[in-house]
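Below is one structure; the comments refer to it alone.
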Amino acid sequence: MEARVSPEQTLNVALPKGRLGEKVYGLFAQAGFPCPSILESSRKLIFENPEAGVRYFWVKPSDVAIYVARGAADIGVAGKDILLEYRPEVYELMDLGIGKCRMAVAAPVGFRENPERPLRVATKFSRIARDYYGGMGRDIEIIHLNGSIEIAPILGLSDVIVDIVETGTTLRENHLEVREEIVPISARLIANKSGFKFKRAAVERLMAGLEGREQ
Ligand code: PRP
């Protein structure tokens with residue numbers, strides 16, 4: 001079959017591997033960029049549909065912005081948390097309204113802060129935490145962790161955590177509670193700055209398809 005879209009106009013899309021990425025693929029497919037082979041379960045990471053002019057890659061969610069910033073992907077979908085934390089050089093084009101959660105400060109139930117001492121904050125999001133407390137002039141010590149943040153205050157490693165809260169189940173099951181909300185988070189469509197110039201027509205067609213969808 002003759003390709004409908006020239007290879008130079010093929011959109012290279014970095015999708016966050018996992019449940020959110022599958023949802024994102026569903027939206028992109030409805031918006032005119034289907035690639036049915038992606039739904040076949042396999043260990044493959046790259047899928048292409050030349051007729052639709054699209055190539056998808058599954059990447060680790062926190063790496064999507066790196067692929068897009070460096071032009072290995074023209075566009076991608078990343079959480080606002082990653083964009084705030086790493087500030088990649090990309091265009092943020094659209095809030096997709098999915099993957100909604102919030103960045104929050106949480107602490108053991110009943111925790112009382114001692115304002116005389118620096119607050120020990122465990123987090124994967126050091127910059128977000130630093131910006132947040134810096135804005136209030138609160139002295140803190142960051143303990144940077146890579147996951148399972150909730151156990152830090154339980155084991156006395158930190159006083160509080162700054163982390164993502166979605167359903168609140170992880171906090172509840174570990175006897176923690178939200179103390180302060182920092183910022184709402186959702187999935188964003190991002191684009192490489194020069195890719196956006198060269199493939200603007202395709203990106204705009206995708207955005208129009210996404211905007212027209214039923215909410
Ligand atoms: C995230 C976050 C919380 C949990 C919140 O963890 O760091 O632990 O989800 O979700 P909930 O409010 O619905 O319980 P993730 O699964 O990404 O693992 P990690 O942070 O431990 O790597």
Side-chain angles (χ1 to χ4, degrees), residues 13-28 38 41 43 45 56-69 73 75-88 90 92 95-111 113 119-136 138 140-190 215:
V13 184
L15 289 179
K17 217 165 153 189
R19 223 161 17 102
L20 176 68
E22 285 165 23
K23 226 178 193 177
V24 171
Y25 167 71
L27 297 179
F28 282 30
I38 206 169
S41 72
R43 302 288 291 171
L45 297 172
Y56 288 105
F57 328 124
W58 288 121
V59 310
K60 202 174 149 74
S62 51
D63 290 341
V64 167
I66 300 173
Y67 284 82
V68 175
I75 59 168
V77 172
K80 184 68 181 175
D81 51 331
I82 300 295
L83 302 180
L84 289 170
E85 181 64 22
Y86 299 103
R87 298 198 195 148
V90 296
E92 188 181 320
D95 184 346
L96 296 178
I98 57 173
K100 285 187 179 174
C101 51
R102 53 215 163 113
M103 186 66 65
V105 178
V109 173
F111 168 74
E113 191 176 325
L119 187 69
R120 295 171 309 152
V121 181
T123 189
K124 270 200 283 203
F125 300 97
S126 296
R127 178 186 254 164
I128 293 176
R130 216 172 267 126
D131 287 353
Y132 175 68
Y133 285 105
M136 327 199 279
R138 177 70 166 107
I140 61 164
E141 181 193 345
I142 297 271
I143 298 154
H144 188 92
L145 298 175
N146 297 298
S148 300
I149 316 297
E150 289 84 358
I151 64 171
I154 298 170
L155 299 181
L157 181 63
S158 73
D159 298 312
V160 300
I161 64 172
V162 165
D163 201 11
I164 282 170
V165 181
E166 192 180 348
T167 60
T169 309
T170 313
L171 291 184
R172 250 188 329 275
E173 294 195 352
N174 290 289
H175 313 292
L176 304 176
E177 62 186 5
V178 170
R179 306 280 296 213
E180 292 143 57
E181 309 236 340
I182 300 180
V183 65
I185 303 293
S186 57
R188 309 296 162 101
L189 177 67
I190 57 173
Q215 290 285 334

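We count ligands from 1, going down the list as the structure has it; atoms in each ligand are counted the same way. No hydrogens, no waters, no symmetry mates; every other heavy atom, side chains included, goes into these values.
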Approximate separation, where rounding is to 0.5 Å, of L83 CG and R188 CZ: 7.5 Å

Is there any salt bridge (charged side-chain N to carboxylate O under 4.0 Å, His left out) pair reaching into residues 165-177, and which pairs are they, with sequence neighbours excluded? none

Stepwise salt bridge (Lys or Arg N to Asp or Glu O under 4.0 Å) check, R179 with D159: CA-CA 12 Å; R179 306 280 296 213; D159 298 312; over 6 Å; no

Would you mind listing every salt bridge (charged side-chain N to carboxylate O under 4.0 Å, His left out) that reaches into residues 19-28, with sequence neighbours excluded? none

Less than 4.5 Å apart, side chain to side chain, heavy atoms only: is that true for L171 and D163? no

Check ligand 1 for close polar pairs with the protein: N or O on both sides, less than 3.5 Å.
residue	atom	partner	partner atom	Å
ligand 1	7 (O)	D163	OD1	3.1
ligand 1	7 (O)	D163	OD2	2.8
ligand 1	8 (O)	E150	OE1	3.4
ligand 1	8 (O)	E150	OE2	2.6
ligand 1	12 (O)	E166	N	2.8
ligand 1	12 (O)	T167	N	3.0
ligand 1	12 (O)	G168	N	2.7
ligand 1	13 (O)	T167	N	2.8
ligand 1	13 (O)	T167	OG1	2.5
ligand 1	14 (O)	T170	N	2.9
ligand 1	14 (O)	T170	OG1	2.4
ligand 1	20 (O)	K124	NZ	2.9
ligand 1	21 (O)	S148	N	2.9
ligand 1	22 (O)	K124	NZ	3.3

Pairs of donor and acceptor atoms involving the side chains of residues 142-151, under 3.5 Å and at least two apart or interchain, shall be tabulated with distances.
residue	atom	partner	partner atom	Å
H144	ND1	S126	OG	2.6

